[in-house]
Structures are given as C-alpha cells and as structure tokens.
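First the proteins, then the strands, lettered A, B, ... as listed; each starts at 1. Since the structure is predicted, the reported quantities are computational estimates derived from the model, not experimental observations.
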Amino acid sequence: MSSKNVQALYAKSIQAAGSEDVLLSQMPVEDVMAIDPLLGLAVGRLRENKVIRKPGYDGEYGVIRVFEDNEVDRLRGQNELFARAPANSLARAFGKPTTMKTVRKKGVKAAELFKTPVKKKNDMPASVDLETLNTEQTEIAGTYDCPVAVTAGPGTGKTRTLALWLAGLVRSGKAKPDQILAVTFTNKAAEELASRLKILLGGGSAEITVQTFHSLAFQIITTWYPRVKSIYDASGRNSIIRYIFPENTQGAIRALADKIEAFLDGTLDPVEPEIEAAALKYQDMLESIHGIDVAALCSEANLIFESRREVLDYYRNKYKALAVDEFQDINKTQYEFLSLLADPSGRALPSILVIGDPDQAVYGFRGSDPGLFKKFVADYKAREKMLSSNYRSSGTICMASGDVIGHNQTSAGMNLTPVRQTGPLVSVFHAPDEYKEAEQIAKTIRALVGGTDLIESGGIYTGDGNGSSPYSFGDIAVLARTHRSAEHIIEGFVEHGIPVSVRQASSPFTQPPYSAIADIFRFLANRQDIVAYRNIVARLIPELEALQLDALFVALASSGGLVEHITQHRAVQETLSEGERGRVETLHRFLEFIEAEVETQGVYKGLFLILEKLHERIGADLEAKLLEEMLLETARAHGTNLQGFIRSLFLEQHETVGMPNAERVSVLTFHAAKGLEFPVVFIAAAEEGISPQARTDTDLEEERRLFYVAMTRAGERLFISHAASRDLYGRTEAASPSRFIDEIRTVLRTTFHMPKRRKKFNQPSLF
DNA sequence: CGTTGAATCTGGCGA
DNA sequence: AGATTCAACG
Ligand SMILES: Nc1ncnc2c1ncn2[C@@H]1O[C@H](COP(=O)(O)OP(=O)(O)OP(=O)(O)O)[C@@H](O)[C@H]1O
C-alpha cells in the first residue's frame, strides 16, 4: 500500500468519523472496520492499549507496532497513517520541495513485543504507607516553632519527612494550604512532592504551592510584570548572542554564553567587566522583545522584591511556612530569594524546614554552593538534625555505595544504617562495546521480568530459582552519566523490544533542528519577539542569508510585529529577490494558518502541522520521533492554551508518556534520577572518561557524588556495566572501567565478562 | 548564482 | 558518524 493511498484512506476515515479524535477514540470499531479492516484492527488495538509504540529507529515516522510480522508489510504506509494526512492547503507550501530522507531497515520481530509480560508486583494502590515515621523523623516533622536544618544520607526518608511536616501544618491548623510554600530544584521533585501531599491531604493539597525556584520566580515576574512573555533558554540565548556578536567564532560564542549565563544567574565570580557589558547588551535585546532568560529568573525575582516593597510584603504575608528539599543544591541567588521571602532578622519568621545531603550535591556546574547549608544554620539559628536509617537499599547496596563515597575527602562520612537485609551482590559487567552492553542489559531485563534469554547467553541473572519473575518493567531503571550514553541504551532497547521511557532535560524542542517550533509558538504568543521571527525564517528558509534576515528583522521591528506588509518594506525589497519575497509571504501565510488552527483546534493541531512541515526538510532519527510523540501529547493536554504550553515547553522536563499505563523501563541521566528510587538499577557506561568525565575542569569529587547518587537509587539489585570500546565522533575509542567500580570492596561485587564480539552470529539455543 | 564536495566540529549535567 | 559551514566549481 503506497503512502498516498494510506493518506487518502485516512482522510476518508476521518471524514466518515467527523474528526480524527472521534476516529481514534470514539467511533465504533466495527464502523472503522467497514471503511478498512486493517485500520479498524489498528484502532481497536490502540484502544485496548495492547500497543507498544515503537519509536521509529528505522526511519519511519512514529511507527506504531500494532500488527504481527506478516501484517506489518501490508501496512507499509502506516507511518503516514498515524501521522495523519497533510493539510491540502499546505501541499505546495513555501520552500523548494526537498525529498525526505527515508532510511528503511528491517524492523524487529513484532511478535517479540507482544510476549512481554505486563505488570507484576508494583500495583501498590492508594493504601501505600506514607505516614509511618521513626523517632528521629517524627521529631523533625513536628518542629514548627524553630527553623530546622536536616542533614541525612540517601534513602533515609528525607522527602517522606518533609512531606509529613507539610501535611502536619495543615492537619494541625498551623497554616492553611495556601500559606505553605515548598520549593524544589527539579520539576520531577515538585511533581513527586505534590503527589505525596495529595495522598496525605486529599484535595486540599492543591492549594499548597509546590514549585521549582525557577517556575516560582517566573510566576512572580509575570504576575507583576506581565510584559514579559518569551522565555529564552540556552539555545535561544546562543542564537541571540551569535546575532549580537557575529564576529565571534563558534567556540567563543559558547564560552561567552556560558559566562553570560553565570552572570545572569548571579554566580559569576569574579564578575568580568567585558562579560557584564556583553550580558547587559544581551539583556537589552531581550528586554526589547519582551523576553527573559531562564538563567535570570531568580535574579530578576530578587530585583523585584528589592525594588518593590509591596510585592515583597505580599509574599511575606502570604507564606507562613516554607520548606526546601535537596538544599545542598542551592546557589547564592536562590539563597537570597529565600532570605528575602523569610527574613532571618524579621519578627515574624515563618516555619522553615530545609533538608539536604552534602554527598548528593551534584549541581556545582550551575553555581550551587553546599556551604550555604552552614550559612543557613547560622543565619536562621536553625536546629540541626540528622537521619541515619536507610529504608531504601539492601545492606549490600548501602555498603557498596558507602565504599565509593568514602573516597571523597569532603564526604560527610555520615553513618548509614541499612534497615533492609543484605541482598544480592552488585553485578559488574564488562562488554566489548556499547552495542553489546545495551544488548546485555536488554537481555538481563527480559530475564528479570520473566524471559529466559539469559540462560541462553550464560549471563548475569538467571532468576531467583523459584521460577517467579518478581519485577516489572516499571521497577527498572537504566542510569547513565550522559545523554549520549543513554541513547545507545535506548537504541538497544528499541531493537530488543524493551518498552522504554525517556526523560529529557531542557526541552529538545528549543534546540535545532526543532528550535523553529519553539520560535513559532513564541512568536504567536508574543508578536514583539522579532528574534523568534528571525529564527523561524532562518530555519524554514535556510537559503536566506544573514543580510536578508536582517532586512526582514528590521522591517518587522518597524511594523510592530505585523507581518503583512513586511515584504513591501524598502530594506526587504532591496535585499530579497521577488521569488524570495514570495517564499517569505508563503511562510507568513503558514504562520497565520497555524495561529488560526491553534485558536480553533488547539495547540496540538498547530504543533502537528509544524512538525509535518519540518519533515519536508529534515528527516527524523530515533530520538526525535520519540520526542515528537511526547510533545504532541503535551500539546494535547494544553488544549488551546498557548501560554500554558509555552511555559511547559521552556520550563519543564518532558517525558515520553505514550500509551497510558504502559509499563516501561526508565532511562535517565544520573542527574535526572536524583530523588527517585527503583528496585532494580543498571548503571551503564561506567567508564573512565564518562563517569568520571575527563575534562580539564572536571570536579572528580562531584563525579563521585553523581555515581553515588546513581548507586543509591537501587533498592534490591544493582548492575554496573561498561564497554571496552565506544564509538565517539566516528572514532572507536578504547575505554577502561570506571575507577568507581574498583572503589567498591571486592566481596560486594561479582564480575561477568562477555565473549568477544562475534560478527553476525546468533547464539543457538541450548535447549 | 547554485550546486557540490571538502573541511570542520562535535564539550555535561538542568531550569 | 553526522550535521553544518565553507570553498571551489559549473
Ligand atoms: N520510617 C519509615 N518507614 C518505612 N519506610 C520508610 C520510612 N522512611 C522512609 N521510608 C522509605 O524509604 C524510601 C526512601 O525515602 P525518601 O525517598 O523519603 O528518602 P530520601 O532521604 O529523600 O532519599 P534520597 O535523598 O536518596 O532521595 C522510600 O521508599 C520511603 O517510603
């Protein structure tokens, strides 16, 4: 079936159903069957969630594996099918039609994807116990009359205690929910805390402010200065800096951008006059387009507090209680923000609880200063507390991680007493290369969830001997130091049919080649944002040169964001040929079309059309497609709320959610894993040069803390793997095992080697 | 002027 | 490897 046919068919089906949503979610399956049996089958299976959404590593767009092997071929065009048909009005859109790169590889055996068992033990319902505290925890959770600073190791119930401290405020009537503020450093932590509070307090918890420093600051800024509309992250920052200082080389731009970032965040030390000057120029530009840089959010909020007494008083009166988790990650500016909200010398100090673990300080690169913990204790005359019982990890994992962190000179050396018993040894696995590493992890996961692969491959885990498979995909996480090494794992999982969930840091949609998406939404929401406009044109009509872009830029600036007459502007007439102006006008029509679609059909529709447009020019690799799916989901959730979507785009991490309830293995960076826990953890790419990194400015102790964070996420089983060689920029580099592995005493680990790489040879089954 | 091939570069974590 | 930028060529 050719894709044209599929498009036509799909269009026909939508027509019959009334809308694509109706088709996908409401129309009786039999009716869809009547239009086309194959489509009916697909829709039916989609609805039953019997679907593994397989990211298109083979060059297809968002392939959804709904069919068995023999069926797949019949649906060759399913990519377009699920990507929906293109809007006719755009068929001959601007730009020269470029052929989309299509790579087709043989797909995995679809049948494999279906034999994966679903859910096992972690069906812990609402009855999950969040209330029980030990004596030390209880004491902390009940202290409201004096600031408290808690230092405690991983798994000691810090977050649990903090949640109950917050809940206690409400239950005891000491504070109303809307008088309570809990600040976190990551969105994940905020979500986690909010969901715990919901369980503890029910609906009333919604009134409690649980936010990251950044999103809180953004909210404060936009409340009092509604003029600010566009958010610029590292990627947007780079493009503006490149525009302002065009004479700089790539490397110089990056160095400058890094320093400007630190300056904006108030953590540049010492402040270099040239950097300050450059940063101010940059901020002028942002100011003029009604934008703000993420790095400047906290500093700007502080400025508002300092310059507008009534604003500060408003927040001081509002919050009667304040809690900060992961306090070791705080930086100078955030500390100032905090002390502005809760004046340590003031008369009416709110209840304050801060909790942290110096051994888990891993944000040195963005200016966090663990010394601020001591400063807090001194400034607030806080009562210091400790927790020492680890409830999360087996005795083995506690000891092993203790061995590693013990190598840090600056380790607090806190004693950690495991509550849980000794467990299986830490499994260390040597693979010949990163592909084999991924494969082995995939096989081990299969074995853990009930497969038999590992018996065949003579591998690491052969079950608990009782034939039961105690784990589900959702119990398992693979952690990696860098996104790059995580990607290899994801690819391997896709190939081996392991359902995977990926959590990205800052939105990939603010970076090329997707930055056009971010810019389009920015521009639609903020017509003053001519930088966004320039980026859109540069990305979508790449043939235009800098001078021509400048002409458009100037023209738009002088027209106050009105796009219509730009091409008549003198500067544009002079620098662009008639054909080029025509293409720009087509682009304008496209933007207006998107705007209308967003208003009437929602952000989802707009985003979908943009992605489609983008794919006329660029192909999409594995990760891209996974991400597109995910972003479309996010967009759908925001309906027609453009502002909400933008905020989420720039300030939140994005996770592939895909099919609801689908059990997935989490693949995360060490940083992203902080605060989470999994019964089974794999640490991948434990190699010198990766973990620890080997750069001139690498802080070895921070690298070790990161590794420690990764290890301590595990409850029962910890696997550490490394590859002897790894492809890097086309070169194959030899790599030796991470020193952190050796730091674990030998009796706590077992080591496995993989046979040397055999080309294209499949191990025959032994049984 | 537009196309093509060669040279260059890729640097981490997150809001 | 793969994307992007640059130089030489038609
Ligand atoms: N008193 C307790 N009784 C039973 N379980 C507990 C208790 N305290 C904590 N736990 C459990 O221990 C685990 C770790 O708790 P929590 O996530 O609060 O630790 P944490 O100190 O914040 O860890 P980390 O710093 O590593 O993120 C959780 O599964 C929690 O439910």
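- The cationic group of A:R522 lies under 6.0 Å from the six-membered ring centre of A:Y232 and within 45° of the ring axis, placing it in a cation-pi geometry.
- Relative to the side chain of A:H214, the nucleotides B:dG12, B:dC13, B:dA15 differ in distance, and B:dA15 lies closest.
- Computed from coordinates, the A:E733 CD to C:dA1 P distance equals 13 Å when rounded to whole Å.
- If you take atom C1' in B:dC13 and the same atom in C:dG2, they sit 23 Å apart, rounded to whole Å.
- The nucleotide whose nearest atom lies closest to any side-chain atom of A:T669 is, among B:dG11, B:dG12, B:dG14, B:dG14.
- Looking at residues 704-712 of chain A, you'll see that no heavy atom sits under 4.0 Å from any atom of DNA chain B.
- Residue A:F213 is classed as having no contact, given no heavy-atom separation below 4.0 Å to the nucleic acid.
- Per the geometry, CG belonging to A:N331 stands 14 Å off P belonging to B:dA15, to the nearest Å.
- Using modelled atom types, one finds a donor on one side chain and an acceptor on the other under 3.5 Å when comparing A:Y282 with A:D293.
- With centroids closer than 5.5 Å and planes inclined by less than 30 degrees as the test, A:Y363 and the base of B:dC13 fail to qualify as a stacked pair.
- Classified by interplanar angle (parallel below 30°, tilted 30° to 60°, perpendicular above 60°), the ring pair A:Y363/A:F365 is tilted.
- Relative orientation of the A:F337 and A:F213 rings is perpendicular, given thresholds of 30° and 60° on the angle between their planes.
- For A:R695 and B:dG11, the CZ to P distance is 8 Å, given to the nearest whole Å.
- In this structure, A:L193 and A:A182 approach most closely via the heavy-atom pair CD2-CB, 3.8 Å.
- Of the candidates B:dG14, B:dG12, B:dA15, B:dA15 carries the atom nearest the A:N187 side chain, counting heavy atoms from C-beta on.
- Within a heavy-atom distance below 4.0 Å of DNA chain B, the residues of residues 253-266 of chain A found are A:R254, A:E261.
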